[in-house]
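In this text, all values refer to a predicted model and were calculated from it rather than measured experimentally.
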Amino acid sequence: MADKLKYSKKIAAKVRDLEASGVARRSILDAIQGYQYAPRSQATFYKLYKKDMDEVHADNVREIGGKVVEQAKGGDFKSQEFYLRSK
């Protein structure tokens, strides 16, 4: 039986960078295939790197959402409408 893959900081850095850029998660899995010990299956990929992707995604939403809220409070109608529709 093959040894289990372990978390790689090098792969995690690439995953975080691609997630921050808005790359689709399936494409991130494809992009890391050149790395030694990269997971081949989506299940293993998520098991090892989902937390990294979720943290970066939350940071993006917080940053972008904060700007929308700031604009909405400043009177920007489109931002107000978007904020209210998303709630």
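The heavy-atom pair separating Tyr49 from Lys6 by the smallest distance is OH-O, 4.0 Å. In terms of heavy atoms, Arg40 sits closest to Leu29 at O-CD2, 4.3 Å. Between Arg25 and Phe45, the shortest heavy-atom distance links the atoms O-CE2, 3.7 Å. Across all their heavy atoms, Ile11 and Gln36 have their closest contact at CD1-O, 3.9 Å. When all heavy atoms of Glu19 and Asn60 are compared, the pair lying nearest together is O-ND2, 3.8 Å. Nearest approach of Gln71 to Ser79, heavy atoms of both residues: OE1-OG, 3.0 Å.
Criterion: ILVMFWY side-chain heavy atoms under 4.5 Å apart, direct or through other members. Under it, Val23 and Val56 are not part of a common hydrophobic cluster.
Between atom CZ of residue Arg16 and atom CG of residue Asp59 there is a gap of 7.5 Å, rounded to the nearest 0.5 Å. Atom-to-atom distance recorded for Tyr35:OH and Lys10:NZ is 6.0 Å, nearest 0.5 angstrom. Distance check: Glu55 CD to Lys50 NZ gives 10.5 Å after rounding to the nearest 0.5 Å.
Counted within 6.0 Å of OH on Tyr46, heavy atoms from surrounding residues, nucleotides or ligands total more than 12; the atom is thus considered enclosed. By the 6.0 Å contact criterion, OH on Tyr37 is open, its count of non-hydrogen atoms from other residues, nucleotides or ligands being 12 or less. Summarising the local packing, CZ of Arg85 is surrounded by 12 or fewer heavy atoms from other residues, nucleotides or ligands at distances under 6.0 Å.
Salt-bridge formation is not detected for the pair Lys51/Asp54: no Lys NZ or Arg NE/NH1/NH2 atom is positioned less than 4.0 Å from an Asp or Glu carboxylate oxygen. Ion pairing between Lys9 and Asp52 fails under the 4.0 Å rule for side-chain N and carboxylate O.
Between the side chain of Ser21 and the backbone N or O of Asp17, at least one donor-acceptor pair lies under 3.5 Å.
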